[in-house]
Amino acid sequence: MDNVSIVRIFILSGFNETMNYRVPLLLTTLLYYCVILFFNISLVLLIVLDESLHEPMYIFLSSLCINALYGTTGFYPKFLSDLLSSSHRISYEGCLLQGFVMYSFACCDLSILTVMAFDRYMAICRPLHYHSFMTKRRLSQLVCFSWLTPFCVFAINVLLTARLKLCGIKIQRVLCLNWLIVKLACPEADTFSNNISAYVILVIIVSHWLFIIWTYLYLIKTCVRSREDRVKFMQTCVPHLTSVIINFTVMVFDSMYLRFGSRDLSQSLQNFITLEFLIIPPVMNPLMYGFKLTKIRNRILKLYKLKISERYERAIIHEIP
């Protein structure tokens, strides 16, 4: 293709096979997105409205749910509108914005899981210093760190991509990712800064993982000493550890496939692999924490029993002549 560096629109060519079963996919995606919204909004509201849940661990959990809403809203509405349309286009600015949202969402997830690991380390390994250290100010700083770090890093990443001259407009997926845009750069375009930025992001991500591994080594070492700590570990650390494993598996598999994966797979399978980080964590995280954390589970059961009791009372009132 001739140099088309003045790109204003991208074509999402990952919909080619998808359109053969557009209606069932549309209904399934809409239902799944509603489930994501319901689970995450419910958990956030539960934590916000219940003062007994205004503790660091639950504040971080609500931040994790808000991030899930942020990331999925950056993809699902556009995806649903594309399923209803015969033209799968996205503006240049919209593509850069979606790429920023997707990457910052994934990295925010990891940052929040990192500060949650630190919170569990302080609560179990340094219980005497926990309340004096985890003040409201320190809590605010950790929340800001988990959000602002990915936002600043990927804002720079997107700005570096925006300066590139492009020689293509077809993105071989159903969504925009920064690396897919960089691959459309003209042969003579200078992508050195983008490669450096990618390595910096890799270092940041690896440092997050190393910190999580370090905290869990101390957590396990501490918890084997007493039964009380083992119970606390099972109640609060197991759902977090499960989220960490899911996040790690999805991010590594997705990143490796995006850069080195085979193109011989069907388009549908390629799309699913690319979208794993938008499908699995946003539902699994609220489900795991909702069922495993005792305070949240008890609060949900209490609300459910209250609802049943109200319905029973109404039924009795209606039966009284």
Side-chain angles (χ1 to χ4, degrees), residues 1-18 71 74-75 78-79 81-82 85-108 110 148-208 250-278:
M1 183 180 290
D2 295 331
N3 191 326
V4 286
S5 58
I6 311 299
V7 171
R8 298 267 53 95
I9 285 178
F10 289 106
I11 297 174
L12 300 173
S13 59
F15 284 92
N16 294 341
E17 291 183 10
T18 303
F75 167 72
K78 175 68 172 73
F79 181 70
S81 68
D82 283 333
S85 172
S86 58
S87 175
H88 311 121
R89 299 183 177 187
I90 185 170
S91 67
Y92 176 79
E93 294 79 10
C95 194
L96 287 175
L97 177 62
Q98 189 178 57
F100 169 77
V101 171
M102 294 301 98
Y103 279 8
S104 58
F105 154 68
C107 197
C108 257
L110 179 57
L148 293 179
T149 302
F151 272 56
C152 293
V153 169
F154 287 106
I156 296 171
N157 196 244
V158 168
L159 289 174
L160 291 173
T161 302
R163 69 181 178 79
L164 294 176
K165 291 183 179 181
L166 305 179
C167 284
I169 60 172
K170 286 190 176 182
I171 293 179
Q172 305 295 325
R173 292 291 184 275
V174 294
L175 80 167
C176 288
L177 295 173
N178 189 68
W179 180 248
L180 297 175
I181 302 173
V182 173
K183 288 172 70 175
L184 297 176
C186 298
E188 69 274 11
D190 181 14
T191 58
F192 179 75
S193 299
N194 297 81
N195 292 329
I196 295 297
S197 173
Y199 286 120
V200 170
I201 291 169
L202 181 62
V203 169
I204 292 172
I205 291 173
V206 170
S207 65
H208 279 62
V250 168
M251 284 185 67
V252 170
F253 189 72
D254 210 42
S255 300
M256 295 298 290
Y257 180 78
L258 188 63
R259 294 203 173 221
F260 311 110
S262 170
R263 295 295 177 264
D264 297 330
L265 299 177
S266 68
Q267 186 69 60
S268 300
L269 185 56
Q270 289 183 43
N271 287 335
F272 176 77
I273 293 171
T274 305
L275 299 176
E276 279 181 310
F277 73 108
L278 289 162

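What you see is a predicted model; the values in this text were computed from it and never measured.
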Parallel, tilted or perpendicular: rings of Tyr92 and Phe10 (30°, 60°): parallel
Nearest heavy atoms of Met251 and Ala106, plus distance in Å: SD-O, 4.0 Å
Val250 backbone acceptor or donor facing Glu276 side chain under 3.5 Å: no
Pairwise side-chain contact, Ile169 with Ile9, heavy-atom cut-off 4.5 Å (strictly under): no
Polar side-chain atom of Ser85 near backbone of Ser81 as donor-acceptor pair, under 3.5 Å: no
Rounded distance (nearest 0.5 Å) linking atom OG of Ser197 with atom CG of Asn157: 3.5 Å
Phe15 and Phe79: CA distance, side-chain angles, deciding distance, ring-ring contact (aromatic ring centres under 6.0 Å, His included) verdict: CA-CA 10 Å; Phe15 284 92; Phe79 181 70; 5.6 Å; yes
Enumerate, atom names and distances included, each donor-acceptor pair closer than 3.5 Å involving a side-chain atom of residues 199-206, sequence neighbours excluded.
none

Distance-minimising heavy-atom pair for Lys78 and Arg89: NZ-O, 3.2 Å
Approximate separation, where rounding is to 0.5 Å, of Asn178 CG and Asn194 CG: 7.0 Å
Pairwise side-chain contact, Leu278 with Met102, heavy-atom cut-off 4.5 Å (strictly under): yes
Side-chain touch Asn271/Arg173, heavy atoms, less than 4.5 angstrom: yes
Step-by-step side chain to side chain contact (heavy atoms under 4.5 Å, CB included) determination, Cys176 to Leu12: CA-CA 8 Å; Cys176 288; Leu12 300 173; 4.1 Å; yes
With sequence neighbours excluded, residues passing side chain to side chain donor-acceptor pair (under 3.5 Å) with Gln172: Ser13
Worked verdict on Leu177 versus Thr274 for side chain to side chain contact (heavy atoms under 4.5 Å, CB included): CA-CA 10 Å; Leu177 295 173; Thr274 305; 3.8 Å; yes
Stepwise side chain to side chain contact (heavy atoms under 4.5 Å, CB included) test for Cys107 and Val153: CA-CA 10 Å; Cys107 197; Val153 169; over 6 Å; no
Flag side-chain contact, heavy atom, 4.5 Å: Asp82 against Val174: no
Side chain to side chain contact (heavy atoms under 4.5 Å, CB included) partner of Thr161, chosen from Ile156, Leu166, Val182, Thr191: Val182
Phe151 and Cys108, any side-chain heavy atoms less than 4.5 Å apart: yes
